[in-house]
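Structure first, commentary second.
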Amino acid sequence: MRAHSFILPILLFIISQTTVAQSTDSLKKQLERITADRAALVGIAVKAWNGDTLSIHGDRVFPMQSVFKYHISVAMLVQVDNGRYQLNQKILVEEKDLLPGLYSPLRDKYPHGGQFTIAQLIEYAISLSDNVACDVLLRLLGGPHVVETFFHEHGIQDIAIQINEEVMQSDWNLQYKNWTTPKAAVEALQVFYENKQLQLSRKSHNFLWKVMRSTDTGKMRLKGQLPKGTVVAHKTGWSGKNKELGITAAVNDIGIVFLNKKQFFYISVFVTDSREDYDTNELIIAEVCKAVWDYFSKRK
C-alpha cells in the first residue's frame with residue numbers, strides 16, 4: 001500500500017482538529033467580548049455532548065449562594081436510594097423552623113408549618129430556591145459538611161459547603177464559605193446527569209432532572225435569550241446587593257441546555273463583585289448562554 005494512502009487520513013484528521021480548536025477559540029473570544037465591558041467578574045465553564053470544552057476563570061473560586069441546593073438535593077437522593085429515607089416520607093417542619101429572615105415560599109404558604117414529604121422539600125429547594133426547605137434537608141443529612149464530603153468522595157474537589165442558609169444570610173461575608181469553581185460546577189452536573197456509575201437510581205435520577213427542568217427562578221438568566229420551549233435543567237443563586245459596598249457578590253446559574261434529546265451542553269455562569277444592576281447581571285448570563293447555544297446549534 002502506498003504511503004499517501006496513510007498520509008491523507010492523517011492530514012484530514014489534523015485539519016479537522018485544527019478547525020475545531022479555532023472555532024472553539026472564536027467562541028471563547030466572543031464570550032470574553034460579552035463580559036469585557038461589564039463591571040463584574042464573570043466565571044464560565046462549558047462542556048458539550050461532543051466533548052468540546054471551554055472556560056473563562058474556570059478554576060477561580062466563586063460564592064455559590066443557592067446553587068448549592070442542587071448539591072444538597074443530590075446528596076439527599078443518594079440517601080433515599082441507600083434506604084435511609086424515602087421520597088414520600090413526611091418530615092415535620094415546625095413553626096420555629098420558619099425563620100422570618102429567610103426567603104421561603106413554603107413559609108409564605110404554610111405560616112404555621114406542617115408535614116412535607118422529602119420530595120416536596122427538594123422541589124421547594126430547587127424549583128423555588130426555598131431557604132427553609134434547604135435547611136431542613138441539610139439537618140436531615142447531618143449538616144453542610146456531609147454534603148461537602150459527599151462531593152469530595154465523588155471526585156469533585158473544588159467545592160466547599162460549610163454553612164446553611166440561616167448562617168449564610170446572617171452575615172454578608174459568610175457566603176464566601178460556600179464556594180465552587182465554574183469547572184467543578186459543570187463536573188457536578190455531568191457526574192449525576194450521565195450517572196455512569198449509577199450514583200442515583202433511575203427513579204431518583206428522573207425525579208432530580210424533572211425538578212431541575214421546572215426551576216422557576218432566574219427566567220432571564222440561562223433561559224433568557226434562548227428559543228421559546230428550549231429545555232433547560234438548572235439551578236440559580238443570588239446574594240442580593242450590599243448597598244454599603246455597592247456590589248452584588250453572586251448572580252449565578254448552572255445547568256444543562258438541550259438542543260435535542262441527544263445533544264446538549266453543561267454550562268455554569270457565575271457573576272461576582274458586580275457593580276452592575278440586577279437586570280444587567282442577568283443579561284450577562286443570558287448573552288453568554290445564547291452565544292454558546294448559537295455555536296453548538298451550528299454544529300448539530
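Counting only N and O atoms by type, the side chains of E282 and Y278 include a donor and acceptor under 3.5 Å apart. Between the side chains of N88 and T117, no donor N or O sits under 3.5 Å from an acceptor N or O. Counted by atom type alone, S66 and S129 present one or more donor-acceptor pairs between their side chains at under 3.5 Å. For the residue pair T217 and T236, a side-chain donor N or O sits within less than 3.5 Å of a side-chain acceptor on the partner. Using a 3.5 Å distance cut-off with no hydrogens or angles, the side chains of T24 and Y295 do pair a donor with an acceptor. The closest side-chain donor-acceptor pair between D59 and T181, if any, does not fall under 3.5 angstrom.
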Would V186 and V46 satisfy side chain to side chain contact (heavy atoms under 4.5 Å, CB included), going step by step from the backbone distance to the final call? CA-CA 7 Å; V186 161; V46 177; over 6 Å; no
Take S127 and T215, measure what side-chain hydrogen bond (donor to acceptor under 3.5 Å, both in side chains) needs, and give me the verdict at the end. CA-CA 4 Å; S127 297; T215 292; 5.0 Å; no
May I have the step-by-step check of side-chain hydrogen bond (donor to acceptor under 3.5 Å, both in side chains) for S104 and N131, ending in yes or no? CA-CA 6 Å; S104 179; N131 291 341; over 6 Å; no
Decide yes or no on side chain to side chain contact (heavy atoms under 4.5 Å, CB included) for V136 and I91, but give the supporting numbers first. CA-CA 9 Å; V136 171; I91 304 298; 4.0 Å; yes
In sequence, state the C-alpha distance, the side-chain angles, and the governing distance for F264 and Y193, and then conclude on ring pair (Phe, Tyr, Trp, His ring centres under 6.0 Å). CA-CA 11 Å; F264 53 86; Y193 181 72; 5.5 Å; yes
Steps toward side chain to side chain contact (heavy atoms under 4.5 Å, CB included) verdict (F270, V42): CA-CA 6 Å; F270 293 82; V42 182; over 6 Å; no
Using the rule given for side chain to side chain contact (heavy atoms under 4.5 Å, CB included), can you reason through H145 versus Q162, listing the C-alpha separation, both sets of side-chain angles and the distance that settles it, and then say yes or no? CA-CA 6 Å; H145 69 282; Q162 299 183 9; over 6 Å; no
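Taking the six-membered ring where the residue is Trp, the centroids of H205 and F192 are separated by 6.0 Å or more. Annotation: F258 is not in aromatic contact with F265 [ring centroid separation under 6.0 Å not met]. Aromatic rings from F116 and Y110 are positioned such that their centres are separated by under 6.0 Å.
To the nearest 0.5 Å, atom CG of residue L31 and atom CG of residue L54 are 6.0 Å apart. Rounding to the nearest 0.5 Å gives a distance of 9.5 Å between CD of Q263 and OG of S297.
Considering every non-hydrogen atom in both G224 and A286, the closest pair reads CA-CB, 4.1 Å. Nearest heavy atoms, F207 versus I122: CE2-CG2, 3.8 Å. Nearest heavy-atom pair across P63 and N252 is O-ND2, 3.0 Å. The two atoms that bring A185 and I254 nearest to each other are CB-CG2, 4.1 Å, heavy atoms only. Across all non-hydrogen atoms, the minimal contact from L92 to Q115 is N-OE1, 3.7 Å. Counting all heavy atoms, side chain and backbone alike, I159 lies closest to T180 at CB-OG1, 4.0 Å.
Using a 4.5 Å heavy-atom cutoff, the side chains of D130 and R107 are not in contact. Under the 4.5 Å side-chain criterion, counting only non-hydrogen atoms from C-beta, L222 is not in contact with L226. Side-chain contact between C134 and F68 is present, with at least one heavy-atom pair separated by less than 4.5 Å. Side-chain atoms of H71 and I161, non-hydrogen and from C-beta on, do get closer than 4.5 Å to each other. At least one side-chain heavy atom of W293 sits less than 4.5 Å from a side-chain heavy atom of T230. Residues V231 and R213 are in side-chain contact: their nearest non-hydrogen atoms beyond the backbone lie under 4.5 Å apart. Here the side chains of P182 and S55 are not in contact, with every heavy-atom distance at 4.5 Å or above. Using a 4.5 Å cut-off on side-chain heavy atoms (C-beta onward), L200 and L208 make contact.
Between Y70 and W209, the ring planes are tilted. Angles from 30° to 60° get that label. Ring pair H154/F150 is tilted by interplanar angle, where 30° to 60° counts as tilted.
With salt bridges taken as basic N to acidic carboxylate O contacts below 4.0 Å, one links K69 and E165. Under a 4.0 Å N-O distance rule, the pair K298/D294 does not qualify as a salt bridge. Between D216 and K219 there is a salt bridge, since a side-chain N of the basic residue sits under 4.0 Å from a carboxylate O of the acidic one. Under a 4.0 Å N-O distance rule, the pair R139/E166 does not qualify as a salt bridge. K235 has no carboxylate O lying under 4.0 Å from a charged side-chain N of D253, or vice versa, which leaves the two without a salt bridge.
With hydrogens and angles disregarded, no donor-acceptor distance shorter than 3.5 Å links the side chain of D277 to the backbone of N281. A donor-acceptor pair under 3.5 Å is absent between the side-chain atoms of Y266 and the main chain of W49, judged by distance alone. A distance-only check finds a donor-acceptor pair linking the side chain of Q89 to the backbone of Q86 [under 3.5 Å]. A distance-only check finds a donor-acceptor pair linking the side chain of E276 to the backbone of A39 [under 3.5 Å].
Annotation for Y103: hydrophobic cluster partners, listed by chain and number, are none (ILVMFWY side-chain heavy atoms under 4.5 Å, direct or chained). L245 belongs to a hydrophobic cluster whose remaining members, ordered by chain and number, are W172, Y176, I247; membership requires side-chain heavy atoms of ILVMFWY residues under 4.5 Å apart, directly or through intermediates.
When the shell of 6.0 Å around NZ of K177 is examined, it contains 12 or fewer heavy atoms from other residues, nucleotides or ligands. In this structure, R38 places its CZ atom where more than 12 heavy-atom neighbours from other residues, nucleotides or ligands lie under 6.0 Å away.
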